[in-house]
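For reference, the structure discussed in these notes is given below.
All chains are named by letter (A, B, ...) in the order of the sequence lines, taking the proteins before the strands, and each is independently numbered beginning at 1. Computation of the quantities below employed the complete heavy-atom set of this structure, encompassing side-chain atoms and omitting hydrogens, waters and symmetry-equivalent molecules.
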There are 2 protein chains.
Amino acid sequence: MSEERITHQLSQAGYRITRPRRAVIRALHEERGYASPAEVHLRARKHCPSLGLVTVYRTLDLLSEMGFVRRIHAQDGCHGYALADGGHRHHVVCRQCGATMEFDGCDLSPFLARVGRQTGYAIEDHLLELVGLCSACR
Amino acid sequence: MSEERITHQLSQAGYRITRPRRAVIRALHEERGYASPAEVHLRARKHCPSLGLVTVYRTLDLLSEMGFVRRIHAQDGCHGYALADGGHRHHVVCRQCGATMEFDGCDLSPFLARVGRQTGYAIEDHLLELVGLCSACR
DNA sequence: GTACTTGCAAATAATTTGCAAATAT
DNA sequence: ATATTTGCAAATTATTTGCAAGTAC
């Protein structure tokens with residue numbers, strides 16, 4: 001979802017559109033995959049240098065509650081946040097050097113449909129991250 | 001997987017079978033869904049009163065590394081652990097109520113193979129998280 | 001006996017809360 | 001004008017580490 005649309009909806013819901021909140025929303029849009037609160041903070045400071053980490057937590061909570069963002073759990077155990085509906089930002093990470101590369105053509109639909117039937121859930125979004133060795137590290 | 005099978009495999013891998021480890025494995029078997037380290041600790045103490053929380057963390061790490069246990073991301077922010085019922089399984093999380101459900105038959109192989117060719121990476125592992133609405137919340 | 005494990009205490013990291021000052025509406 | 005939001009500092013909670021003592025093999 002676009003930044004404008006999110007801010008508009010927040011505004012409609014009675015929340016104020018502040019510089020810190022804009023900065024967090026922008027940072028999330030710039031992120032390819034998911035980011036920890038600390039990472040969001042780092043990135044969002046570019047847009048609002050005075051931004052405090054606490055505000056990042058609070059804003060992520062708000063966005064999460066409003067359904068614009070979702071919490072995901074990363075392998076290392078840290079929590080990450082990603083834009084909901086950003087499900088098609090997939091990437092491979094090299095476990096050796098950390099290089100990441102995006103790939104496109106996420107044709108998981110048949111798979112997702114099957115899981116939906118099997119579990120009774122209405123699947124709305126997904127996050128996929130692949131881990132492996134990049135060509136240089138092999 | 002049964003307790004005996006897990007301990008056997010740990011033993012085969014060169015790890016020692018201790019009272020604290022048995023207690024943690026048993027506690028996981030008694031748990032229906034997933035449990036936080038603190039919850040595992042509480043339950044496992046019934047089988048090994050001297051058990052320390054630190055050992056629970058270490059044992060969960062070990063079991064997780066060996067693939068006997070999976071980390072689950074709970075809504076409230078705490079990490080949870082659940083037995084991996086063999087094979088590679090994933091889960092769907094309900095964005096409304098947080099209920100999680102496992103599904104099996106994660107047959108992504110054709111997809112992974114294609115991405116491997118496309119990116120030049122040797123894909124070794126993947127993290128897939130699905131988000132949706134559970135049947136009760138729909 | 002020896003190397004792996006444990007539990008404790010202390011260190012570190014992650015997240016939340018209280019509150020006066022700042023600011024969007 | 002005023003109720004919301006912010007940033008800081010401090011509190012709380014979660015997780016990891018160092019190390020001497022304990023234990024499986």
Side-chain angles (χ1 to χ4, degrees), chain A residues 3-4 6-27 34-66 68-81, chain B residues 3-4 6-27 34-42 44-66 68-69 71-81:
Chain A
E3 299 183 27
E4 302 79 45
I6 292 179
T7 50
H8 180 254
Q9 300 228 19
L10 283 179
S11 184
Q12 287 292 306
Y15 293 104
R16 297 187 175 172
I17 305 310
T18 65
R19 197 158 159 57
R21 281 179 178 163
R22 277 184 197 285
V24 169
I25 293 168
R26 179 152 305 168
Y34 54 85
S36 67
E39 287 165 343
V40 172
H41 183 219
L42 203 66
R43 195 183 283 268
R45 264 169 177 264
K46 300 233 165 75
H47 306 300
C48 176
S50 69
L51 180 68
L53 177 57
V54 180
T55 298
V56 174
Y57 272 98
R58 288 190 280 222
T59 304
L60 288 174
D61 270 357
L62 172 61
L63 293 174
S64 174
E65 212 162 291
M66 297 279 295
F68 299 133
V69 138
R70 49 166 222 281
R71 307 183 80 159
I72 66 111
H73 116 112
Q75 273 159 333
D76 58 5
C78 263
H79 284 125
Y81 292 79
Chain B
E3 299 183 28
E4 302 79 46
I6 291 179
T7 51
H8 180 253
Q9 298 229 19
L10 282 178
S11 184
Q12 287 292 306
Y15 293 105
R16 297 186 176 172
I17 305 310
T18 64
R19 195 157 161 57
R21 281 177 179 163
R22 277 184 196 285
V24 169
I25 294 169
R26 178 152 305 168
Y34 57 84
S36 67
E39 287 166 342
V40 172
H41 183 219
L42 203 65
R45 264 169 177 265
K46 301 233 165 77
H47 307 299
C48 176
S50 70
L51 180 69
L53 178 57
V54 181
T55 298
V56 174
Y57 273 99
R58 287 190 280 224
T59 304
L60 288 173
D61 270 358
L62 171 61
L63 293 174
S64 174
E65 212 162 290
M66 297 279 295
F68 299 133
V69 138
R71 303 185 83 153
I72 300 277
H73 144 91
Q75 216 61 350
D76 58 7
C78 265
H79 285 127
Y81 292 80

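Side-chain proximity of V54(A) to dT15(D), dT17(C), dC8(C): nearest is dT17(C). When distances run from any side-chain atom of R58(A) to the nucleotides dA14(D), dC25(D), dT6(D), the shortest one goes to dT6(D). Closest contact between the side chain of R16(A) and the listed nucleotides dA14(C), dA24(C), dC8(C) involves dA24(C).
For A38(B) and T18(B), each mapped to the nucleotide of DNA chain D holding its nearest heavy atom, the one lying further toward the 5' end belongs to A38(B). Between L62(B) and L53(A), the residue whose closest nucleotide on DNA chain C is further toward the 5' end is L62(B). Along DNA chain C, the nucleotide closest to G14(B) and the one closest to R45(B) are compared, and the more 5′ of them pairs with G14(B). Between V56(A) and S11(B), the residue anchored closer to the 5' end of DNA chain D is V56(A), taking for each the nucleotide with the nearest heavy atom.
Under the 4.5 Å side-chain criterion, counting only non-hydrogen atoms from C-beta, I25(A) is in contact with L10(A). No side-chain heavy atom of L62(A) sits under 4.5 Å from any side-chain heavy atom of V69(A). Side-chain contact between V24(B) and T55(B) is absent, with no heavy atoms from C-beta onward closer than 4.5 Å.
A straight line from CG of L51(A) to P of dA22(C) spans 17 Å, rounded to a whole angstrom. Put simply, CZ on R21(A) is 10 Å from P on dT25(C), counting in whole angstrom units. Across the protein-nucleic acid pair, H41(B) atom NE2 and dC8(C) atom P stand 8 Å apart, rounded to whole Å. Between the CG atom of L10(B) and the P atom of dC25(D) there is a distance of 11 Å, given to the nearest Å. The separation between R22(A) atom CZ and dT4(D) atom P is 20 Å, rounded to whole Å. Here the C1' atom of nucleotide dT6(C) and the CG atom of L60(B) are 15 Å apart, to the nearest Å. Separating the CG atom of D61(A) from the P atom of dT15(C) is a distance of 10 Å, rounded to the nearest angstrom. Counting to the nearest Å, the C1' atom of dT25(C) and the OH atom of Y15(A) are 16 Å from each other.
Heavy-atom minimum distance, R16(A) versus R21(A): O-NH1, 2.8 Å.
No option in L60(B), V56(B), T59(B) other than L60(B) meets the side-chain contact (heavy atoms from CB on, under 4.5 Å) test with Y81(B).
Residue side chain R19(B) does not reach the base of dG22(D) through any donor-acceptor N/O pair under 3.5 Å, judged by distance alone.
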